[in-house]
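Report on the structure given below.
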Amino acid sequence: MKELLRKIPSIHEIQQDGRFAEMVKEQDISIEQGTGLIQDAVANLRKHLLKGTWEGPLPGSADLNDFLLQQAEQAAKNKFSYTLSKVINASGTILHTNLGRARLSETAARHVLEIARNYNNLEYDLEKGTRGSRHKHAETLIREVTGAEAAMVVNNNAAAVFLILSALGKNKEVIVSRGELVEIGGSFRVSSIMEESGADLIEVGTTNKTRAADYEDKINENTSMLMKVHRSNFVIRGFTEEAETEELAELASGHEHVIFYEDLGSGMLYDLKNHGIGSEPLVEDVISKGADLVSFSGDKLLGGPQAGIIAGKKRFIDILKKHQLARVLRVDKMTLAALEGTLLDYLKGNEKNIPAYRALLMEADELKNIAHETAYFLLENCSNFSTEVKPDKSQVGGGTMPEVELDTFVLSIKHKWMDADKLEKGLRTAEIPIIARIHRDELLLDFRTVDAEEIPYIQNALFDLDRQG
Ligand SMILES: *Cc1c(COP(=O)(O)O)cnc(C)c1O
């Protein structure tokens, strides 16, 4: 060890080694940064050799340069890397909240890139040559696809609810059914957000039954709003009743000072009921049934960026746009670009461009064939896997349509001696992480959420695992 200590090359010597320049170039870092990493690697090795605490294999004195350069290269990879990275979603859950919910369409992604790279008219009126409003972007498209008089966009739907309650319900009473006091994703509770906003929550009805008359009984001169909240992430069955959109719209319209607001949660723009999927209301229908305001997420069923979309009557939207919180909750140009791109796909009838829609509408037979392709690949190229293609269900995810189960076929994989947890971890820690499901000690891959060009990568990752194992 003393011998090795004496042989540690000087920093200068390592810098002269052609492999240093290569490493710096490969890692796309400066000479100074590369030198710093080499200094760290040398200091680290020296410290451990002196104390005799080095863990793992030590190099021979002839390989020291190579060894230190490798240490520096690994350090560069760790230090100069993103924490936010692409993953392959083979779970079959389409709007997976942990995996970034919706993937953007090509139209949306291209528009984001163009706007991000260039100056743009975010707050500039090109006709008048004067300052313009960022609110006008996306508004025209939202009006087109929802039939609403006016619209605006904020950071997410939670922000939309907060803005509406703060601007129109503060110090006044807002009536909500006890059956709709929902909690979404652990941190968004209607009752808490109401309290934060300064609006007084007036609960009516019971958990399973609320009628329009229950709302009517509670309306007084201090009532500002009837609020209906989409249950989104749960269903109630059996002896149930709720007040319909039309009824509440009519009730509110009979009182000058009362508005009707519906928090739709997901906000569907394209009717999936025609494909036998779920019973989500269309935004357009809720507007035409007379809701004064609706709000919904950009990255749930809409399949766009994280955003909260508010649509409805112009006189209320105007109040919201002028409220102090509108500035606090406003969205960036890239969000607006992504939303415009997504909405344009809808407007042109190109829903199929939107990845969430493609995934929702994929047929079980098609998924069966795709699963079989990878099963054949494993059969031909790997020796330790056994596979089975079997019927299963995919989820929509994102707290959306919890009752909907989409028929799919999954590829179930077992390995001769690696258990499902080990396989799952192997895929999850691949260079591009692959997220799979485990069920009863079988690894399941659902190709509903996988792009065709991602399949060879999954196959290679399994091939590598087979050889390591
Ligand atoms: C998801 C959801 C929200 C929150 O929307 P985010 O865009 O995630 O902030 C609010 N209300 C309902 C009914 C929802 O389903």
Side-chain angles (χ1 to χ4, degrees), residues 93-104 108 138 142 146 151-166 169 174-197 199 201 210 225-236 242-243 245 248 260-269 272 278-283 286 291 293-312 320 325-326 328-332 335-336 338-339 342-343 356 395-404:
T93 300
I94 300 167
L95 301 168
H96 203 305
T97 299
N98 302 148
L99 305 182
R101 285 199 187 156
R103 286 192 290 155
L104 294 181
I142 297 168
T146 63
M152 72 181 287
V153 182
V154 290
N155 187 46
N156 55 17
N157 190 29
V161 176
F162 187 57
L163 174 60
I164 291 169
L165 291 173
S166 304
V174 175
I175 307 177
V176 187
S177 158
R178 288 199 173 85
E180 297 173 0
L181 290 173
V182 301
E183 171 170 322
I184 314 275
S187 56
F188 174 87
R189 275 190 183 173
V190 171
S191 52
S192 315
I193 214 147
M194 185 91 70
E195 205 177 305
E196 285 296 326
S197 74
L201 169 64
T210 308
M225 197 183 299
L226 311 182
M227 179 180 180
K228 189 169 169 62
V229 185
H230 194 65
R231 287 198 189 94
S232 296
N233 55 3
F234 70 106
V235 283
I236 57 170
E242 63 183 291
T245 294
L248 293 180
F260 171 48
Y261 159 46
E262 192 158 338
D263 171 10
L264 290 170
S266 221
M268 190 172 71
L269 296 182
L272 288 163
S279 52
E280 203 69 25
L282 268 180
V283 177
V286 178
L293 287 175
V294 300
S295 72
F296 49 98
S297 294
D299 55 353
K300 289 186 180 172
L301 274 182
L302 192 86
Q306 178 193 303
I309 296 158
I310 306 173
L320 298 178
L325 272 176
V328 177
L329 305 172
R330 79 182 189 185
V331 293
D332 172 59
T335 301
L336 285 169
L339 190 61
T342 310
L343 292 170
Q395 305 289 319
V396 179
T400 298
M401 305 206 284
E403 78 287 9
V404 170

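Note that ligands are numbered from 1 as they come in the structure, with each ligand's atoms numbered from 1 the same way.
Using a 4.0 Å cut-off to heavy atoms of G265, the atoms of ligand 1 that qualify are 12 (C), 13 (C), 14 (C), 15 (O).
Given atom 14 (C) of ligand 1, the protein heavy atom at minimum distance is K300 NZ, 3.0 Å. With respect to atom 7 (O) of ligand 1, the closest heavy atom belonging to the protein is S297 OG, 2.6 Å. Of the protein's heavy atoms, S232 OG, 2.5 Å lies nearest to atom 15 (O) of ligand 1. Looking from atom 10 (C) of ligand 1 to the surrounding protein, the closest heavy atom is N157 ND2, 3.2 Å.
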Discussion item. Salt bridge (charged side-chain N to carboxylate O under 4.0 Å, His left out), that's the test. Do E280 and K300 meet it? Break it down for me.
Written reply: CA-CA 12 Å; E280 203 69 25; K300 289 186 180 172; over 6 Å; no

Practice prompt. Show your reasoning for whether side chain to side chain contact (heavy atoms under 4.5 Å, CB included) applies to E262 and H230.
Written response: CA-CA 8 Å; E262 192 158 338; H230 194 65; 5.6 Å; no

Discussion item. Could you go through L343 and L269, starting from their C-alpha distance and side-chain angles, then the distance that decides it, and tell me whether this counts as side chain to side chain contact (heavy atoms under 4.5 Å, CB included)?
Written reply: CA-CA 9 Å; L343 292 170; L269 296 182; 3.8 Å; yes

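For the pair A158 and ligand 1, the shortest N or O to N or O distance falls below 3.5 Å. Inclusion of D299 in the set of residues having an N or O under 3.5 Å from an N or O of ligand 1 is not warranted. Taking any N or O of S266, backbone or side chain, none lies under 3.5 Å from an N or O belonging to ligand 1. Close N/O approach between D263 and ligand 1 is found [any backbone or side-chain N/O within under 3.5 Å].
Taking only non-hydrogen atoms, the option from R101, H230, R189, K228 nearest to atom 8 (O) of ligand 1 is R101.
If you run side chain to side chain contact (heavy atoms under 4.5 Å, CB included) between V283 and each of I142, L301, I309, L264, only L264 comes through. Tested against S266, the residues N157, T400, D299 include a single side chain to side chain donor-acceptor pair (under 3.5 Å) partner, T400.
Q395 approaches P402 most closely through the heavy-atom pair OE1-O, 4.4 Å.
With sequence neighbours left out, N98 forms a side-chain contact (heavy atoms from CB on, under 4.5 Å) with H96.
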